[in-house]
Number of protein chains: 2
Amino acid sequence: MSKDTVRDKIVEAAKKRFSHFGYGKTTMAEIATDCGMSPGNLYRFFPGKLDIAEAIASEDYEAHLAQARKIALAPGKDARDRLRDLLFAELRRTYHKLEKDPRVLEMATQIGHERPQFINWMLANERTILVELMEEAEKRGEMIPPGDKEEIAEMIQSATMKFRYPQLWSKLSLAKLERELDGVLNLMFQGLCPHAGAAREETRKASHAVA
Amino acid sequence: MSKDTVRDKIVEAAKKRFSHFGYGKTTMAEIATDCGMSPGNLYRFFPGKLDIAEAIASEDYEAHLAQARKIALAPGKDARDRLRDLLFAELRRTYHKLEKDPRVLEMATQIGHERPQFINWMLANERTILVELMEEAEKRGEMIPPGDKEEIAEMIQSATMKFRYPQLWSKLSLAKLERELDGVLNLMFQGLCPHAGAAREETRKASHAVA
DNA sequence: TTTGTAAATAATCAACAAAGTATTCAGTCT
DNA sequence: AGACTGAATACTTTGTTGATTATTTACAAA
């Protein structure tokens, strides 16, 4: 995985320290000695400490993105189910990641606070996937909503904001969050649009069981 | 307005101080002398300082609730428009209230942080209004979504969470927030639910694929 | 008994010094 | 020149102290 370059060695060392002792409790000096170099040299590869954390986070995030894209384009499911699977996967992933250890949460809040641009980058990536999902649906001849796809993706993100960084504002259990996300999706699919009717209910349950 | 009881005198004095100097910068002693009494006596009427702030907030909030209810039940508009008006009114109200002076924001964050129950009370009140809106729609013979109304109200709140305490997490302009709220409402009303006829056909395809 | 006081307590805050740490840079080594 | 060092700098955190201030309580007045 690691390309054996100096930069990667730094990232690896930092990853170990951060996950062991937390972001705040590891010093640049420690990372440096772990790499057999002086603190100053780290700055030839990263502008600052937080950028090392960002590199770790984005490395992890890229892997997640690939998986998310797979879910969004999965064959054998209609757009509705793919969207549902995608959002559920993201909810579960972040929930478990932040639940497991407070060290990850510490890094996440740190980055979220000082690097809003990083968050925006992640959101933009996810919007891209949503757009791809819709384009794929179009290609397959499925029904898709009218209008600018990029904008629709933005609105989907707005409506599901609550489920994207769960424990950063709500302290709800995963079960409760899943129930709510399910409800919000139903709202978007059929809830306030009475004509579509009760026929959907059955398929929703079926696809959910599979996911 | 004030019922001229001691309790109300305290609230009035505190309101002046808080809005003048902020919550943090006014002391219980000051409020007490403004009322011509000793600090200790305040505690015969309120459990603590924050409870005075809560009293002020809830007094203000009750007025807002009445207005919100009027919007939710306004004659001459269908349920869709009433819901839109309601959510826009809440967005604008809180936005302007928090934008205007940092002292209100200070109190809001303070209460929100230490008294989650108060926030829950407000959310519950708003859900009640949403339910009333739907019941009114039913009474008028308008189309309303199927299912438990209380639950639907909860889901509407989930989907519009982002717009309820705007500047507590997003730092978006009011214009942007309004644009997004509009988009989310469109999503819920029609966006991901193409025509009824098409929806039926899509259902057929989906169940085929899943099986 | 009810309404209040004011002194006592405890919790929080502000100021400031002391450490500790991120970041920089002048200079060394290859 | 390019890679790196380690001491110097500047920023941030931590710890401490004294003051402020919220809250309690023992007592007094009506």
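Quick note on labels: first sequence line is chain A, next is B, and so on, each numbered from 1.
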_Position toward the 5' end of DNA chain C (nearest nucleotide), Gly48(A) or Leu42(B)_ = Leu42(B)
*Would you mind reading off the distance between Ile31(A) atom CD1 and dT21(C) atom P, rounded to a whole angstrom?*
12 Å
_The side chain of Ser38(B) is closest to which nucleotide in this list: dT23(C), dT3(C), dA6(C)?_
dA6(C)
*dT23(C) C1' sits how many Å from Met28(A) CE, rounded?*
8 Å
_Whichever of Leu50(A) and Gly36(B) has its nearest DNA chain C nucleotide further upstream toward 5'_ = Gly36(B)
*Within-4.5 Å side-chain heavy-atom neighbours: Thr160(A) and Glu90(A)*: no
_If you count heavy atoms of other groups shown closer than 6.0 angstrom to CD of Glu135(B), is the number above 12?_
yes
*CZ of Arg44(B) versus P of dA6(C): gap in Å, rounded?*
15 Å
*What pairs with Arg7(A) under side chain to side chain donor-acceptor pair (under 3.5 Å), at least two apart in sequence or on another chain?*
none
_Cationic tip of Lys49(B) above Tyr23(B) ring, under 6.0 Å, 45° of axis_ = yes
*asked:* Quick check for you: among dG4(C), dT5(C), dT24(C), whose closest atom lies nearest to any side-chain atom of Phe45(B)?
replied: dG4(C)
*Integer-rounded Å distance: dA7(C) P and Asn41(B) CG*: 16 Å
*Hey, which sits more toward the 5' end of DNA chain D by its nearest nucleotide, Tyr43(B) or Pro39(A)?*
Pro39(A)
*Roughly, in whole Å, what's the span from CZ in Arg17(A) to C1' in dA22(C)?*
16 Å
*asked:* Among residues at least two apart in sequence or on other chains, which ones pass salt bridge (Lys or Arg N to Asp or Glu O under 4.0 Å) with Glu151(A)?
replied: none
*From the 5' end of DNA chain D to its 3' end, which nucleotides mark the outer limits of contact with chain A, defined by a 4.0 Å heavy-atom distance cut-off (strictly under)?*
dA3(D) to dG6(D)
*Lys/Arg N to Asp/Glu carboxylate O, Glu150(B) vs Arg127(B), below 4.0 Å*: yes
